[in-house]
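Everything below concerns the one structure shown next.
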Protein chains: 2
Amino acid sequence: MKEDHVDRILGQWRTERPDLDVEPMGLLGRLARLATYLGREVEKTFLELGLTSASFDVLAALRRSGAPYQLSPGDLLATMMITSGTMTNRIDQLEKAGLVERLTNPEDRRSVLIALKPEGLDLVERAVTAHVANQHRLTAFLEPDERVAFDAILRKYLLALE
Amino acid sequence: MKEDHVDRILGQWRTERPDLDVEPMGLLGRLARLATYLGREVEKTFLELGLTSASFDVLAALRRSGAPYQLSPGDLLATMMITSGTMTNRIDQLEKAGLVERLTNPEDRRSVLIALKPEGLDLVERAVTAHVANQHRLTAFLEPDERVAFDAILRKYLLALE
DNA sequence: TTGAAGTATCTCGATTTCAAGATAATATCA
DNA sequence: TGATATTATCTTGAAATCGAGATACTTCAA
């Protein structure tokens with residue numbers, strides 16, 4: 001099988017540190033590299049619409065929650081692997097861009113509701129359509145049966161870790 | 001099969017946007033999430049030694065290149081998915097920490113050689129040993145045959161993209 | 001009722017990264 | 001040779017993120 005970038009790294013380690021079993025480094029190295037590449041490809045689609053993966057994630061969470069497209073920062077936080085400070089910043093940017101607004105939550109005044117504005121709703125509808133089309137393109141590198149096997153392993157691995 | 005975080009997201013989209021085939025979103029979403037989790041687990045090991053994944057990557061590239069453990073910033077850049085400005089900053093930090101030094105390259109005065117200092121060599125030897133042990137722990141969530149299948153798909157996917 | 005504990009969000013400062021372009025040395029070739 | 005293109009690295013300013021802690025409100029229990 002053709003040697004790739006990660007194989008060369010493993011070969012160097014096997015020469016320099018033959019005491020180490022670097023087998024797992026191949027899998028984890030490829031996984032990290034692949035995720036970075038795919039993440040950048042995904043980002044390109046959002047950039048064309050004036051979004052980033054980060055801002056899309058917030059808009060998408062609001063959109064898929066269903067009408068009236070409102071969630072608290074805490075709700076949003078629960079679905080993403082970021083800190084509360086980062087979420088505050090993301091919401092600030094989206095608010096500045098006129099895509100969402102902060103509403104006071106009458107039921108709990110510690111809390112806030114982030115609501116999709118019509119401009120945000122319109123944008124995220126177009127963004128998710130383009131994003132899904134792009135995802136089809138990016139997964140087309142694998143055969144259908146490979147995708148099924150891949151997804152099954154990813155799911156198992158994630159469940160074991162989470 | 002047990003429903004995971006990504007399944008819930010797909011379920012929401014299928015309700016809200018039944019026009020979209022969100023199948024690929026499951027695979028790509030799990031891949032991104034898994035890479036983030038594993039990356040954080042990897043980071044913890046380095047943190048105990050006063051390193052980050054970023055600084056380890058540079059030290060490790062120097063170490064595995066073999067004696068005399070010297071590479072140019074350009075050489076280092078070729079193995080990592082970062083910009084030249086980021087590399088300059090990483091080398092600055094490592095130099096400040098006394099782990100590497102910049103040597104003038106007599107053969108090309110545009111260039112510079114980054115050399116592992118004894119302190120850097122000692123640290124990276126310990127770091128890579130701990131890192132590989134940690135990688136064994138992190139890949140033990142999968143069965144040997146799953147790891148083989150997983151790695152084969154990752155390799156194919158990466159080759160198709162790179 | 002009131003004080004303590006808990007919860008939700010935001011603030012702050014530090015760090016890392018990137019994109020774009022500056023700087024300096026080397027290579028090319030008319 | 002001299003002008004131009006190329007290469008290698010660094011600089012700069014902007015943006016995203018994090019960890020730690022501040023602030024404000026709510027819940028609980030004595």
Side-chain angles (χ1 to χ4, degrees), chain A residues 32-33 35-37 39-44 46-48 50-59 61-62 70-97 100-115, chain B residues 32-33 35-37 39-44 46-48 50-59 61-62 70-97 100-115:
Chain A
R33 251 183 124 75
T36 301
Y37 270 113
R40 288 180 185 177
E41 285 300 316
V42 164
E43 194 83 42
K44 287 180 192 167
F46 295 133
L47 221 56
E48 291 170 10
L51 291 172
T52 61
S53 293
S55 57
F56 172 79
D57 282 350
V58 175
L59 297 179
L62 291 169
Q70 297 180 359
L71 292 172
S72 71
D75 294 335
L76 289 166
L77 214 44
T79 74
M80 296 170 211
M81 301 173 71
I82 60 173
T83 64
S84 62
T86 299
M87 181 56 74
T88 297
N89 183 54
R90 288 190 185 181
I91 294 167
D92 286 347
Q93 302 313 313
L94 290 170
E95 197 172 33
K96 204 174 297 176
V100 307
E101 58 187 339
R102 282 182 167 92
L103 307 178
T104 60
N105 183 342
E107 292 175 7
D108 185 342
R109 278 186 302 176
R110 288 170 303 184
S111 183
V112 165
L113 284 176
I114 312 303
Chain B
R33 245 181 130 77
T36 301
Y37 269 112
R40 287 180 185 177
E41 286 300 315
V42 164
E43 194 82 42
K44 287 180 192 167
F46 295 133
L47 222 56
E48 291 171 10
L51 290 172
T52 62
S53 293
S55 57
F56 173 80
D57 282 350
V58 175
L59 296 178
L62 291 169
Q70 297 180 358
L71 292 172
S72 70
D75 294 336
L76 289 167
L77 213 44
T79 73
M80 296 171 212
M81 302 173 69
I82 60 173
T83 64
S84 63
T86 299
M87 181 56 74
T88 297
N89 183 55
R90 287 189 184 182
I91 295 166
D92 286 347
Q93 302 313 313
L94 290 170
E95 197 171 34
K96 203 175 297 175
V100 307
E101 58 188 339
R102 281 182 167 92
L103 308 178
T104 60
N105 183 342
E107 291 175 8
D108 185 342
R109 278 186 301 175
R110 289 171 301 185
S111 184
V112 165
L113 284 177
I114 311 304

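Order of the sequence lines sets the chain letters (A, B, ...), proteins ahead of strands, with each chain counted from 1. Worth knowing before you read on, the calculation uses all heavy atoms, side chains too, and leaves out hydrogens, waters and symmetry mates.
Taking 4.0 angstrom as the limit, Arg109(B) places none of its side-chain polar atoms (N or O) nearer than this to OP1 or OP2 of dA24(C). Distances shown here put a side-chain N or O of Arg102(A) below 4.0 Å from the OP1 or OP2 atom of dC10(C). The side chain of Arg90(A) contributes an N or O atom lying less than 4.0 Å from OP1 or OP2 of dT17(D). Contact annotation: Ser72(B) reaches the phosphate of dT9(D) (side-chain N/O to OP1 or OP2, under 4.0 Å). For Thr88(B), a side-chain nitrogen or oxygen approaches OP1 or OP2 of dC10(D) to under 4.0 Å. Between Thr52(B) and dT16(C) there is no side-chain polar atom (N or O) within less than 4.0 angstrom of OP1 or OP2.
Backbone-only contact: Ser111(A) has heavy atoms under 4.0 Å from sugar-phosphate atoms and none from a base. As judged by a 4.0 angstrom heavy-atom cut-off over every strand, Met80(A) is placed among residues making no nucleic acid contact. Nucleic acid contact for Gly85(B): base, since at least one base atom lies under 4.0 Å from a heavy atom of the residue. Among the protein residues, Ile82(A) comes within range of the sugar-phosphate backbone only, with heavy atoms under 4.0 Å from sugar or phosphate atoms but none that close to a base.
Leu77(A) places its CG atom 15 Å from the P atom of dT7(C), with the value rounded to the nearest Å. Atom CG in Leu103(A) sits about 16 Å away from atom C1' in dA8(C), given to the nearest Å. Atom P of nucleotide dA8(C) and atom CD of Glu107(A) are separated by 13 Å, given to the nearest angstrom. The separation between Asn89(A) atom CG and dC12(C) atom C1' is 12 Å, rounded to whole Å. Atom CG in Leu47(B) sits about 13 Å away from atom C1' in dT15(C), given to the nearest Å. Following rounding to the nearest Å, Asn105(A) (CG) and dT9(C) (C1') show an atom-to-atom distance of 12 Å. The distance from atom CG of Leu113(A) to atom P of dA8(C) is 13 Å, rounded to the nearest whole Å. Rounded to whole Å, atom P of dT11(D) lies 12 Å from atom CD of Gln93(B).
Closest-nucleotide positions on DNA chain C for Asp108(A) and Arg40(A) were compared, and the one nearer the 5' end corresponds to Asp108(A). When each of Ile114(B) and Ser84(A) is assigned the nucleotide of DNA chain D bearing its nearest heavy atom, the one mapping closer to the 5' terminus is Ile114(B).
In plain terms, the two heavy atoms of Ala61(B) and Leu71(B) that are nearest each other are O-CD1, 3.6 Å.
A side-chain donor-acceptor contact under 3.5 Å links Asp75(A) and Ser72(A).
Taking CG from Leu76(B) and CG from Leu62(B), the interatomic distance works out to 5.0 Å, rounded to the nearest 0.5 Å.
With hydrogens and angles ignored, no donor-acceptor pair under 3.5 angstrom links the side chain of Arg110(A) to the base of dT26(D). Scanning atom types as modelled, no donor and acceptor separated by under 3.5 angstrom connect the side chain of Thr86(A) and the base of dC18(D).
Counting only heavy atoms from C-beta on, Thr83(B) has its side chain closest to dA19(C) among dA19(C), dT16(C), dA16(D).
When side chains are defined from C-beta on, Ile114(B) counts as touching Pro73(B), because their heavy atoms get closer than 4.5 Å.
Between the side chain of Glu101(A) and the backbone N or O of Ala115(A), no donor-acceptor pair lies under 3.5 Å.
Salt-bridge formation is detected for the pair Glu41(A)/Lys44(A): a Lys NZ or Arg NE/NH1/NH2 atom is positioned less than 4.0 Å from an Asp or Glu carboxylate oxygen.
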